[in-house]
Amino acid sequence: MTDRLRATSSSGIGCKGKERVAAIAGHICPIAGGPGDREGDRGGGGGGGEVSRFDEVSLLAAMASEEVHCAPISAWAKLAQAPEDPILGVTVAYNRDPNPVKLNLGVGAYRTDEGKPYVLHVVRRAEAALVGDRSRNKEYLPIVGLAAFNKLSRALAFGADHPAVLSNRIATVQCLSGTGSLRVGAEFMAQHYHTPVIYVPVPTWGNHNKVFPKAGLKLLTYRYYDPATRGLNFAGMIDDLQAAPDGAVILLHACAHNPTGVDPLPEQWDAIRQVIRAKRQLPFFDSAYQGFASGDLDVDAYSLRSFAADGGEMALAQSFAKNMGLYGERVGALSMVCATPEAARLVEGQLKLVIRPMYSSPPLHGAAIVATVLGDEKLFQEWKVELKGMADRIIDMREKLYQALVARGTPGNWTHILKQIGMFTFTGLNKTQVDFMREKYHVYMTGDGRISMAGLSTSTVPRLANAIDDAVRNVA
Ligand code: KET
């Protein structure tokens, strides 16, 4: 009997048609040459093989006509119900809500003032050029991704003339957006770094708490946000970094800290850097918002560049989801800044060993868009204008929401809406108030009281202000 037939007949175990299957299988075996007829098994050109395949088809047809009933017991029946993701699950709940005035301020995704998703003009133009270029093909990228994309991404983060860039001390690999870059970096560190422990700020982007332990790093925290001042707990942060072990990995948000919108000032960054360097810790930057915080790519790269300038080693996970609006294209890069070009070469080799068995090589289209925009001086300048336009619209929404709350006399101090930076406002609203706003006003935000300012528009500000006002006055 062929292996395939054996598999087919055994799949009927516990079913009504089992005997029938066995009878048919038994009838076929002699025709197929019987057990052990390997030539017939392979159907390798011999007449036996041909007959076997023919009868296999008859067998399947017979089984189908026999009404084989399997008991409806799933291998997965005992699985626990998985919770929705705290951020992406907000969109799931929003999509289920039939109310036409519903408002999604959960996920950090930019919307126009008409509340519509926005595809940047430079992206459309780059795509048109790519589609029109008949010399392009769809071959696999190398494991490390598109070379031009890696070079340009590195230059965007660190500056094209940065000594680390010019001396080939940075290993850059294209990854699946920011999350994929974090994960590949973390997997690499878990395997090869001498102190596989990572410290993340409290609070931090929720997925950090999952990505790093999944990759095998031990997750610990340092103080960051002070709810009393709604600002940075600078002293607490410095103390905790001092107390962390020498060599530990320290996760830092390059700019526009998510979810708090609170960033260290340049002089605070310098002090943070001195502690980290003195303790030979390894800074791992997450840069998901370059250009979104201030509207200026260079200003937002201050932290990265100051760490790179002192010659120490560091890691960077870079995302083009927000600043080029390429969310679903999954474009990002992991850069490992190393002490020597030789170390960078070794790191790149090992990163390839992480990537190949995970997803083999990254996708082409989004990286080609980024490389086209960054590599063309005219498109690059236009991108900067569009980026500034997006950042300015968010800043305008901060002003409008603040004014709307002041106009309503909403109890509390709301100046943090103006002071916080980037896509999000960390409102200070509690979970009960968040749930109340969802129930009564169909306003959706994350359970920690974070709202995506980029999802707000001139016409929806009054609705949000009414909801906040009601929640603050009437829900404890
Ligand atoms: N880092 C940070 C700090 C971050 O806010 C996000 C996304 C990412 C990385 C990952 O982005 P990617 O799309 O993998 O490049 N944050 C928003 C979306 C999400 O949660 O996935 C958010 O906080 O709403």
Side-chain angles (χ1 to χ4, degrees), residues 83-94 104-111 117 145 149 153 156-157 173-186 198 200-212 214-215 224-225 250-264 283-293 300 303-304 315-335 358-359 362-363 366-367 369-370 390 394 420-427 434 444-456:
E84 286 288 355
D85 181 81
I87 297 175
L88 303 183
V90 175
T91 303
V92 175
Y94 168 85
N104 188 3
L105 305 177
V107 68
Y110 184 85
R111 299 281 176 268
F149 165 83
S153 302
L156 182 75
V173 289
Q174 180 195 331
C175 297
L176 306 184
S177 213
T179 311
S181 307
L182 289 164
R183 181 67 185 258
V184 168
I198 189 161
V200 301
V202 178
T204 193
W205 178 52
N207 215 19
H208 284 150
N209 299 319
K210 297 172 187 160
V211 166
F212 298 125
K214 285 266 186 225
Y224 187 84
Y225 179 73
I250 311 293
L251 189 281
L252 299 161
H253 295 230
C255 67
H257 182 275
N258 178 8
T260 67
V262 173
D263 283 351
F284 191 171
F285 278 95
D286 181 351
S287 179
Y289 300 96
Q290 189 182 355
F292 250 93
D300 290 355
S303 61
L304 297 176
L316 164 67
Q318 207 177 346
S319 168
F320 288 94
K322 327 282 169 140
N323 59 8
M324 223 179 264
L326 291 173
Y327 307 91
E329 296 289 358
R330 311 309 290 145
V331 204
L334 172 72
S335 286
M358 203 190 282
Y359 54 86
I369 294 171
V370 173
M390 291 194 286
I394 295 171
Q420 291 173 355
I421 292 163
M423 258 190 173
F424 305 108
T425 289
F426 204 45
T427 57
V434 168
Y444 288 75
M445 54 207 273
T446 53
D448 57 2
R450 184 192 85 168
I451 55 180
S452 170
M453 299 305 285
L456 203 54

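Atoms within each ligand, like the ligands themselves, are counted from 1 in listed order.
- When each of Phe292, Phe149, Tyr327 is tested with Phe320 by the rule ring pair (Phe, Tyr, Trp, His ring centres under 6.0 Å), just one qualifies, namely Phe149.
- Close contacts between ligand 1 and Gly178 involve ligand atoms 12 (P), 14 (O), 15 (O) [criterion: under 4.0 Å to a heavy atom].
- By the 4.0 Å heavy-atom criterion, Asn207 is excluded from the residues contacting ligand 1.
- How far CG of Leu334 is from CZ of Arg183: 13.5 Å, rounded to the nearest 0.5 Å.
- Residue contacts with ligand 1, taken as heavy atom pairs separated by less than 4.0 Å, involve Asn258 solely via side-chain atoms from C-beta onward.
- Ligand-side atoms of ligand 1 in range of Ala321: 13 (O), 15 (O), range being under 4.0 angstrom from any heavy atom.
- By heavy-atom distance, the residue among Gln318, Lys322, Met423, Arg450 lying nearest atom 23 (O) of ligand 1 is Arg450.
- Listed for the Gln318 side chain is no donor-acceptor partner under 3.5 Å among the backbone atoms of Ser335.
- Polar contact check, His208 against ligand 1: no nitrogen or oxygen pair lies under 3.5 Å apart.
- Looking at Gln174, its side chain does come within 3.5 Å of a backbone N or O of Pro363 through a donor-acceptor pair.
- Protein heavy atom nearest atom 12 (P) of ligand 1, with residue, atom name and distance: Ser177 OG, 3.3 Å.
- The distance from the OH atom of Tyr94 to the CE atom of Met445 is 15.5 Å, given to the nearest 0.5 Å.
- In this structure, the side chain of Asp300 engages the main chain of Gly291 through a donor-acceptor pair within 3.5 Å.
- Residue-ligand proximity, Gly108 to ligand 1, at heavy-atom distances under 4.0 Å covers atoms 22 (C), 24 (O).
- Backbone and side-chain nitrogen or oxygen atoms of His253 are examined, and none is located within less than 3.5 angstrom of a nitrogen or oxygen of ligand 1.
- Residue-ligand proximity, Val107 to ligand 1, at heavy-atom distances under 4.0 Å covers atoms 18 (C), 24 (O).
- A distance-only check finds a donor-acceptor pair linking the side chain of Asn323 to the backbone of Gln290 [under 3.5 Å].
- For the pair Thr425 (side chain) and Ile451 (backbone), a donor-acceptor distance under 3.5 Å is absent.
- A distance of 7.5 Å separates NE2 of His253 from OH of Tyr224, quoted to the nearest 0.5 Å.
- At the shortest separation from atom 19 (C) of ligand 1 among protein heavy atoms lies Trp205 NE1, 3.7 Å.
- Ligand 1 lies out of reach of Phe320, whose nearest heavy atom is not under 4.0 Å from it.
- Regarding atom 1 (N) of ligand 1, its nearest protein heavy-atom neighbour is Asp286 OD2, 2.6 Å.
- Of all the heavy atoms of Ile87, the ones lying under 4.0 Å from any atom of ligand 1 belong exclusively to the side chain.
- Leu251 has its side chain within reach of Phe212: a pair of non-hydrogen atoms, C-beta onward, lies under 4.5 Å apart.
- Between the side chain of Thr427 and the backbone N or O of Gly449 there is at least one donor-acceptor pair closer than 3.5 Å.
- Distance from atom 13 (O) of ligand 1 to its nearest protein heavy atom, with residue and atom name: Arg330 NH1, 2.9 Å.
- On a distance-only criterion, Gly180 and ligand 1 share no N/O pair closer than 3.5 Å.
- Looking at Leu251, Leu182, Thr179 and measuring to atom 11 (O) of ligand 1, the nearest heavy atom belongs to Thr179.
- Inclusion of Tyr327 in the set of residues having an N or O under 3.5 Å from an N or O of ligand 1 is not warranted.
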